[in-house]
Amino acid sequence: MSTMIKYEEKDLKVVGTRPLRPDGVDKVTGRARFGADYSLPGQLIGKVLRSPHAHARIKSIDTSKAEALPGVKAVVTRDDFAEMPVEFALSGELTVNFHDVTRNMMAREKVYYDGHPVAAVAATSESIARKALGLIEVEYEVLPHVIDVLEAMKPDAPLLHEEQYTEGVTPRPDKPSNLAKRMVFSRGDVEAGFRQADVIIEREFNTKPVHQGYIEPQACLASYTEDGQADLWTASQGHFVIRSQCAKVLQMEVSKLRVMPTELGGGFGGKNNIYNEPLAIALSRKSHRPVKMVMTREEVFRATGPTSGANVRIKMGCTRDGRITAAHAELNFQAGAFPGSSVAMAAMCTFTRYDLEHARVVANDVTVNRPKVAAYRAPGAPIAVFGVESVIDEMAKKLGIDPIEFRLRNAAREGTQTYYGPKFGPIGYVQTLEQARAHPHYSAPLGPNQGRGVATGFWFNIGSETSSTINVNEDGTVTLMIGTVDVAGGSRAAMAMMVAEELGIDVDKVRPIIGDTSSMGFNFITAGSRGTFASGMACVAATRQAIDKLRQRVAQIREVPVEAVLWKDGHAVPAGGEAGQFAPMSLADVAKVAGRTGGTIAGHAEINAQGAGPGFGTHIVDVEVDKQTGLIKILRYTVVQDVGKAIHPAYVEGQLQGGAVQGIGWALNEEYVYGDDGVLQNPGFLDYRVPVASDVPFIDTVIVEVPNPNHPYGVRGCGEVPIIAPMAAIANAVENAIGIRLCEQPMSPPRVLKAIDDAAGAKA
Amino acid sequence: MAKILLSSNLTAYTGGQTQFELEVANVRQLFQALGERHPDLRPHLESSLAVAIDGEVYQDALLQPIAGDSEVLLFQKIAGG
Amino acid sequence: MARHHVTATVNGDAVEFLCETHQTLLEVLRDELRLTGTKEGCGTGDCGACTVTLDGRMVCSCLVLGVEAEGKAIQTIEGMAVGRDLHPLQQKFLEHAALQCGICTPGILVAARSLLERNPDPTASEVRYWLAGNLCRCTGYHKIVEAVLDAARELRGN
């Protein structure tokens, strides 16, 4: 069933309050169990042998010495996994090519990046497993490699996939290339639009890959039994999708694999897909013992999903009074070793904040010798928006128009036709701009070498497959089973609050848990800011079903027609009028007699949630630039965002603050650094510098609530929008401070110093 | 007949055509009809496309009804992080 | 390989364990003593998720060998609450929504307690610099700093 539950305005008792999170005490006391905290009796430790080369053909793998080492119980290589044909299959609702999935988890003909798995070992201790890795002999034929996206697009570039012909261009190319796919999104006549422009600005931007940087490395524990059943504990953003992908690559029946979600130590898009999970199951199948696999931080950096590095060209034109007449973008995104970057999403987000008659985005998905990229919070959008919001700032400055006013003159509103697809329904972009302009931050004084920048972000948000069950316990309390992983934001609390609101009971009477894959229907990953939106909708649907059953039961007990029974404030009460009078019953009253009057009361919903509401945000940042060291200091930061409805405002603030700070890290310091040999040089938190507490100020938040008409409480989702604007906002603030526009990310001290020196040189 | 519009990025698979008039009662029938007319489009239909029916966006909703006078837009499906 | 016999206290309780020379205190806590509240985020002393105290001194337990704990008093997150009562820092972290995924939380709480033992009235800036060795990727630190300042206020009795 595809489901949309319409928004209804009503008085709220629970939604919008700030109760303590149900997973909180476990997390402050060390009780919460994350992926690496699970163990089984007799378990082995699994480790992975990884490619030291960026690109090489595997001529042979000899595991005999490793297998002979005492304590080694199993070794797996490409020979232990079935070949998968080129097949774009639905895994859950992710479109993945299993030909590539199986090659990414364990190299077959070639290794495509430094860190690519080549073999895996299970042994009685970690030290034996590590020793065994050293005994595996792999003969490589090293091939030329390519790391940079523009280099990879050249005709004579080293080729990753001999069978890859660019999709989406006509005529079909007659030679293979690293350009996997080209997409063009366009509306109107861009050339005509540029002819109407008084001001045209064209700029090129370059960004490096950055990592999601979750603090918990990937961890899983698998136990495969002689009858072909397997249990898997793993820290992921969606255990049903992990089950689906593992079953496919291991050629298992789905029902034979049960996946238990552990507490998740951060994901941000990086834990949507399988890495060690199928290796652990295969090692367990071979060794007949449980196998635990925990990645090191170095493995996380070398072999799990960074987001794309990219080359972006933006050209925009506007009239003298600040009306954008045409916009063109070319986005060249690194996909990593296999095609499928977030460039399509980025292309659809590039100009979407504006009402444009003429727009075109050309999007190129390019394979390079780096780990296959994974989603990262609003996948791709921050990269494209860095360019667009920088150019907008430059246009506004050139025309002497306030940057927020400039955006307001072009802002997307309800009814605006997007260039990628649908028309917008009710959206809150204009409100975020207006509230940002009215915020005291926007008019506060600035000192020398200080500057202020503004930028905005848009994300679609999604719905998708979701299941939920509520059980009314015999004492009238409620157990809520959720199928979407609480990826950190506190969605368990939000879900319990919506259920409590529907039932009219206190939120502490609802205990939310995340069910495993055998306990309920399918759930898509928690991604696309869908958790509270889609799972919230499923929880409301399940609760309303339970309320219908409660009303029917009370009608039978009180011997009145069901129409006479109304559910209100946690009680079955007479509907009034002619319908019939009876003594009200509380939820606990019904629960107490439920077993003797027909059975326990439960509600469940299995839906495909539709009607996600787009989210928009406006960010203001003040920076100070140290011209001697090139250091950019963030002085003040304000996030204004339309979230539809903040079910739990504190957790929404947390999303806006956390997203903004990830964006600040992306802007200022984070980058993958490769040597000429194609080997990653900074696979650790010392050299890959994520923001620390002393790097950032307090992040002020303003929550705007323009309800999504397609959610019972108006929820849009809020997790992704806040990471989109920071890079551009900071670049705009730097320009405002020192008059130099930075088009290279990260804006780290060496790059800033170089830009200052270059500008001085140009003047001299 | 429903009016069917294709997002510009799909024209590579339809020889440039972006508008169709089709007699279809739901999304599944729409995909079937389009796939028959444009075989290059077929691999993308179910796995990677979303539809907006009279402005309301649906993903993976094969049985969603399409009225005779509906306007249906096909575009790239949205994922997320 | 001969294993070393080590005697220490953990959260006030006497413990004995056997460990290999190369095993870190973090591995000993998690794998030998089954105290999995202390987390591993990097294994190289960069993230602070494994923060514990050793004779009152804050350390990254991934950079301390198990054998170095001989005769020492170790404090971990599991010893922070007293009986049924959460430590004020734990309580304030809940009230201020200062945690999301929670993987960094044990290390940050142990580090924050160390700060407040030395400096009961820190400024926001002092809190930020003290916690600069503890990475959090979810919260942006805002609510963590607020929670620490509020807990300090409560511990000072005003």
Side-chain angles (χ1 to χ4, degrees), chain A residues 18 20-21 23-34 36-37 39 126-127 212-217 263-268 294 296-298 486-490 648 650-651 653-662 664-665 684-686 690-699 701, chain C residues 1 20 22 27 30-31 34-49 76-78 80-81 86-87 89-91 93-107 109 124-125 127-146:
Chain A
R18 301 179 178 227
L20 301 190
R21 60 192 298 153
D23 48 318
V25 169
D26 279 354
K27 286 178 175 174
V28 298
T29 55
R31 282 190 189 88
R33 291 208 287 167
F34 295 83
D37 299 335
S39 289
E126 185 173 335
S127 51
Q212 295 81 358
Y214 36 78
I215 307 300
E216 177 201 32
E263 206 58 65
L264 178 71
F268 314 109
V294 181
T296 64
R297 178 56 53 182
E298 182 185 324
D486 185 345
V487 294
H648 191 304
Y651 300 154
E653 290 159 10
Q655 288 297 303
L656 309 195
Q657 291 159 345
V661 168
Q662 278 189 322
I664 290 170
F685 278 135
L686 187 63
V690 307
V692 303
S694 53
D695 290 339
V696 289
F698 286 111
I699 308 291
T701 52
Chain C
M1 192 181 332
E20 294 176 31
H22 63 81
E27 288 168 329
R30 290 181 56 83
D31 301 338
R34 291 271 181 251
L35 292 170
T36 54
T38 305
K39 305 301 178 189
E40 176 165 351
C42 68
T44 51
D46 300 315
C47 80
T76 71
I77 187 64
E78 286 90 347
M80 198 154 174
L86 294 178
H87 186 279
L89 275 163
Q90 292 172 310
Q91 186 60 35
F93 267 55
L94 294 177
E95 290 170 10
H96 285 268
L99 59 101
Q100 289 184 30
C101 84
I103 193 88
C104 71
T105 308
L109 284 168
S125 182
V127 173
R128 286 183 183 278
Y129 278 94
W130 184 271
L131 294 180
N134 291 80
L135 301 181
C136 168
R137 194 63 160 166
C138 294
T139 65
Y141 304 105
H142 179 113
K143 293 179 188 297
I144 290 174
V145 177
E146 283 184 338

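Residue numbering restarts at 1 for every chain, and letters A, B, ... go by the order of the sequence lines.
For a residue to count as touching a neighbouring chain, one of its non-hydrogen atoms must lie under 4.5 Å from one of that chain's; by this rule A:L264 touches chain C with the backbone only. Using a 4.5 Å cut-off between heavy atoms, A:A660 makes no contact with chain C at all. Using a 4.5 Å cut-off between heavy atoms, C:L86 contacts chain A through its side chain alone, with no backbone atom that close. Heavy atoms closer than 4.5 Å to chain C are found nowhere in A:V294, neither backbone nor side chain. Of the two parts of A:E298, neither the backbone nor the side chain holds a non-hydrogen atom closer than 4.5 Å to a non-hydrogen atom of chain C. Both the backbone and the side chain of A:F698 come within contact range of chain C, with heavy atoms under 4.5 Å apart. Contact of C:E40 with chain A is made through the backbone alone, with heavy-atom distances under 4.5 Å. Heavy-atom distances place both the backbone and the side chain of A:T29 under 4.5 Å from chain C. Heavy-atom distances place the backbone of C:T139, and not its side chain, under 4.5 Å from chain A. Heavy atoms closer than 4.5 Å to chain A are found nowhere in C:A98, neither backbone nor side chain.
Distance check, rounded to the nearest 0.5 Å: CD of A:Q662 to CD of A:Q657 gives 13.0 Å. For the atom pair CZ (A:R297) and CD (A:E216), the distance works out to 9.5 Å, reported to the nearest 0.5 Å.
Not counting sequence neighbours, C:F93 has no partner by the ring pair (Phe, Tyr, Trp, His ring centres under 6.0 Å) test.
The side-chain heavy atoms of C:I103 and A:E263, taken from C-beta on, include no pair separated by under 4.5 Å. Between A:V25 and A:R31 the shortest side-chain heavy-atom distance falls below 4.5 Å. The side-chain heavy atoms of C:H142 and A:E653, taken from C-beta on, include no pair separated by under 4.5 Å. Between C:L99 and A:R21, some side-chain heavy-atom pair lies under the 4.5 Å cut-off.
With chain C as partner, the option from A:S39, A:G489, A:G654 having the largest number of non-hydrogen pairs under 4.5 angstrom is A:G654. The most heavy-atom pairs under 4.5 Å with chain C, out of A:A36, A:A693, A:S694, A:G267, come from A:A693. The candidate from A:R18, A:E126, A:Q212, A:H648 with the greatest count of non-hydrogen atom pairs under 4.5 Å with chain C is A:Q212. Between chain A and the residues C:A132, C:G37, C:A124, the largest count of heavy-atom pairs under 4.5 Å involves C:A132. When the candidates C:I144, C:L109, C:L135, C:L131 are compared by the number of heavy-atom contacts under 4.5 Å with chain A, C:L135 comes out ahead. Options A:P691, A:G24, A:G684, A:A32 differ in how many heavy-atom pairs under 4.5 Å they form with chain C, and the most are formed by A:P691. Of the listed residues C:P106, C:A97, C:C42, the one with more heavy-atom pairs under 4.5 angstrom with chain A than any other is C:C42.
A salt bridge between C:R30 and A:D37 is present, with a side-chain N of the basic residue lying under 4.0 Å from a carboxylate O of the acidic one.
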### Pair C:Q91-A:L20, side chain to side chain contact (heavy atoms under 4.5 Å, CB included): steps then yes or no
CA-CA 10 Å; C:Q91 186 60 35; A:L20 301 190; 4.2 Å; yes
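For A:Q655 and C:Q100, the side-chain atoms include at least one donor-acceptor pair closer than 3.5 Å.
In terms of heavy-atom proximity, C:C138 sits nearest to A:F268 at SG-CZ, 3.7 Å.
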